[in-house]
Amino acid sequence: MSTPASDSEAPPGAVNISSLSSQQLRALQTRLSTELEHLTTSHTKLRAAQSRFRDCVRSINDGVVGSAKKGTAGASEILVPLTSSLYVKGRLADREKVLVDVGTGYFVEKTAAKAVEFYEQKVKELETSLTELEKLVQTKSSQQRLFEDALRQKLMSENAASSAEAAAAG
């Protein structure tokens, strides 16, 4: 019969890592390393997406809204990116409306204000996802450290036991 204190310490289905073999600990450590690598890659991609959405807001504010506020004759001219390093001159046909990429190749016409609102909402959603992902990475990292420590202790005790057996046999 288990004590109430031990029931509250471990969640249901939890395994005592000291009862695992060194081979099982290595397998768990490898799995956690793979998961951490995937989570870190996802974090980087989400940060990049968030940066692109912020760039969209900046482009709308500087290129569409900003040029309308300046009121100069050449204000409707903008640089249109063809690639990340190639731009051509262009003219704004309509300062009131922009096309917003809503994903999977679909574009929706919105006012500049609604487009900024859309992209700012995306930035907030990604910030929430990034915060949750960072917590998950921290949890997985601490789990990996626990497995590494348990594996190190297990290997040291196995080495000590085999050394003791060799000394007794010799």
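For clarity, every value in this text was computed on a predicted model and none was experimentally measured.
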**Message:** Would you say that more than 12 heavy atoms from the other residues, nucleotides or ligands in this model lie under 6.0 Å from the CD of E134, or not?
**Reply:**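 Yes, enclosed.
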Could you report the tightest heavy-atom contact between [X] and [Y], atom names first, then the distance?
X    : Y    : value
V100 : A115 : CG2-CB, 3.6 Å
V80  : G90  : CG2-CA, 4.1 Å
D101 : F118 : O-CE2, 4.1 Å
L46  : S129 : CD1-CB, 4.4 Å

**Prompt:** Is T139 close to Q143 at the side-chain level, that is, under 4.5 Å between some pair of heavy atoms?
**Reply:**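 Yes, side chains in contact.
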**Asked** Do P81 and L86 come within less than 4.5 Å of each other through their side chains, counting heavy atoms only?
**Response**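 In short, these two side chains do not touch, never coming nearer than 4.5 Å.
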**Request:** Assess the side chains of Q50 and R47: does a donor N or O sit below 3.5 Å from an acceptor N or O?
**Result:**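 On atom types as modelled, these side chains qualify, holding a pair under 3.5 Å.
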Shared hydrophobic cluster, [X] / [Y] (ILVMFWY, side-chain heavy atoms < 4.5 Å):
X    : Y    : value
Y106 : F53  : yes
V98  : F107 : no
Y119 : V108 : yes
L79  : L82  : no
L99  : I60  : no

**Request:** For the pair D94 and K97, find out whether any cationic side-chain nitrogen is under 4.0 Å from an anionic carboxylate oxygen.
**Result:**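 Between K97 and D94 there is no salt bridge, as every charged N stays at least 4.0 Å from the carboxylate O atoms.
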**Asked** Any ion pair linking E148 and K154 (charged N to carboxylate O, less than 4.0 Å)?
**Response**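 No salt bridge links K154 with E148.
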Output the distance between atom [atom1] ([X]) and atom [atom2] ([Y]), rounded to the nearest 0.5 Å.
X    : Y    : atom1 : atom2 : answer
D149 : Q29  : CG    : CD    : 10.0 Å
L130 : H43  : CG    : NE2   : 5.0 Å
T111 : R95  : OG1   : CZ    : 15.5 Å
E35  : L136 : CD    : CG    : 8.0 Å
L146 : L28  : CG    : CG    : 11.5 Å
K140 : L39  : NZ    : CG    : 7.0 Å

**Prompt:** Quick check: does any side chain N or O of Q24 sit under 3.5 Å from a backbone N or O of S21, one acting as donor and the other as acceptor?
**Reply:**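 Checking the backbone N and O of S21 against the side chain of Q24, a donor-acceptor pair under 3.5 Å is found.
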**Asked** Does T40 use its side chain to pair, donor to acceptor, with the backbone of L36 at less than 3.5 Å?
**Response**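 Checked: pair present.
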**Request:** Test V57 against every option in V116, D62, V123 by the side chain to side chain contact (heavy atoms under 4.5 Å, CB included) rule and name the one that passes.
**Result:**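 Filter result, single survivor: V116.
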